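A short worksheet on the structure shown next.
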Amino acid sequence: MYYTTGFRRDEIQDLVAIVYEQDQRDATEARLSWPPVLGLFWSVVITLAYLRGNRVQWELAETYGVSQSTVSRAITGVTPLLAQALRSVVPTAEELRADRQYIIDGTLLPCWSWAAVPGLWSGKHRTTGVVVQVAATLEGQLSWISDPTPGSRHDLY
């Protein structure tokens with residue numbers, strides 16, 4: 001599971017508990033944010049695999065023995081819950097220590113092609129995506145990730 005999601009099973013279980021609590025706080029009606037056939041655990045696993053590897057939904061559906069539409073519903077339902085649940089642990093640029101040195105670099109995160117959003121096209125990489133800036137310590141510890149910007153923007157922006 002680690003190689004597809006980037007998390008160990010116990011870490012995913014902790015994340016599932018956080019997502020469940022978040023969903024219970026945000027629930028305005030008695031409906032699940034994830035497909036019942038998968039349950040929350042497998043919906044989170046599929047979403048993490050999708051986000052980590054930009055895998056095709058048909059491939060994930062075949063891997064986990066469900067339909068592509070079920071995978072799509074899992075990703076659509078769980079992604080906002082993950083974002084809300086993890087918002088408190090994502091550092092901001094203001095929280096970086098002034099007495100440390102950081103390596104800062106930009107990277108393109110590829111995404112599907114959106115003809116209606118030409119700003120996602122990166123001429124440098126010849127694909128669509130969003131650009132993020134990443135700050136890491138000299139030891140390689142990830143310290144900060146910027147909000148995404150369209151792939152057509154240069155790192156200096």
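Predicted model only: the values in this text are computed from it and were never measured.
In terms of the salt bridge (charged side-chain N to carboxylate O under 4.0 Å, His left out) criterion, E21 has no residue partners (sequence neighbours excluded).
Taking both residues in full, the closest heavy atoms of A49 and L60 are given as CB-CD2, 3.9 Å, listed atom of the first, atom of the second, then distance. Nearest heavy atom pair, residue T47 against residue A74, reads OG1-O, 3.5 Å. Across all non-hydrogen atoms, the minimal contact from P35 to S43 is CD-OG, 3.6 Å.
I145 and I104 sit in two unconnected hydrophobic clusters of ILVMFWY residues. Membership requires side-chain heavy atoms under 4.5 Å apart, directly or through other members. Residues W42 and F7 share a hydrophobic cluster, clusters being chains of Ile/Leu/Val/Met/Phe/Trp/Tyr side chains in contact below 4.5 Å. Using a 4.5 Å cut-off between side-chain heavy atoms of Ile, Leu, Val, Met, Phe, Trp and Tyr, with links allowed through other members, Y64 and W58 fall into different hydrophobic clusters. No single ILVMFWY cluster, assembled from side-chain heavy atoms under 4.5 Å apart, contains both I103 and W144. V66 and F41 fall within the same hydrophobic cluster, defined by Ile, Leu, Val, Met, Phe, Trp and Tyr side-chain heavy atoms under 4.5 Å apart, directly or through other members.
From I18, atom CD1 reaches atom CG of L81 across 12.5 Å, with rounding to the nearest 0.5 Å. Note that CG of L48 and CD1 of I12 are 6.0 Å apart. Values are rounded to the nearest 0.5 Å. Here the CD atom belonging to E11 is positioned 10.5 Å from the CD atom belonging to Q13, to the nearest 0.5 angstrom.
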Test log, rule side chain to side chain contact (heavy atoms under 4.5 Å, CB included), inputs L15 and L82: CA-CA 8 Å; L15 189 56; L82 282 172; 3.8 Å; yes

side-chain hydrogen bond (donor to acceptor under 3.5 Å, both in side chains) assessment of T76 paired with R73: CA-CA 5 Å; T76 302; R73 284 194 311 274; over 6 Å; no

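Within 6.0 Å of CD in Q101 there are 12 or fewer heavy atoms belonging to other residues, nucleotides or ligands. Residue E62 places its CD atom among 12 or fewer non-hydrogen atoms of other residues, nucleotides or ligands, all under 6.0 Å distant.
The closest donor-acceptor contact from the side chain of Y102 to the backbone of R97 lies under 3.5 Å. A distance-only check finds a donor-acceptor pair linking the side chain of T79 to the backbone of I75 [under 3.5 Å].
Here salt bridge (charged side-chain N to carboxylate O under 4.0 Å, His left out) pairs that include residues 34-58, with residues two or more places apart or in two chains, are R55-E59.
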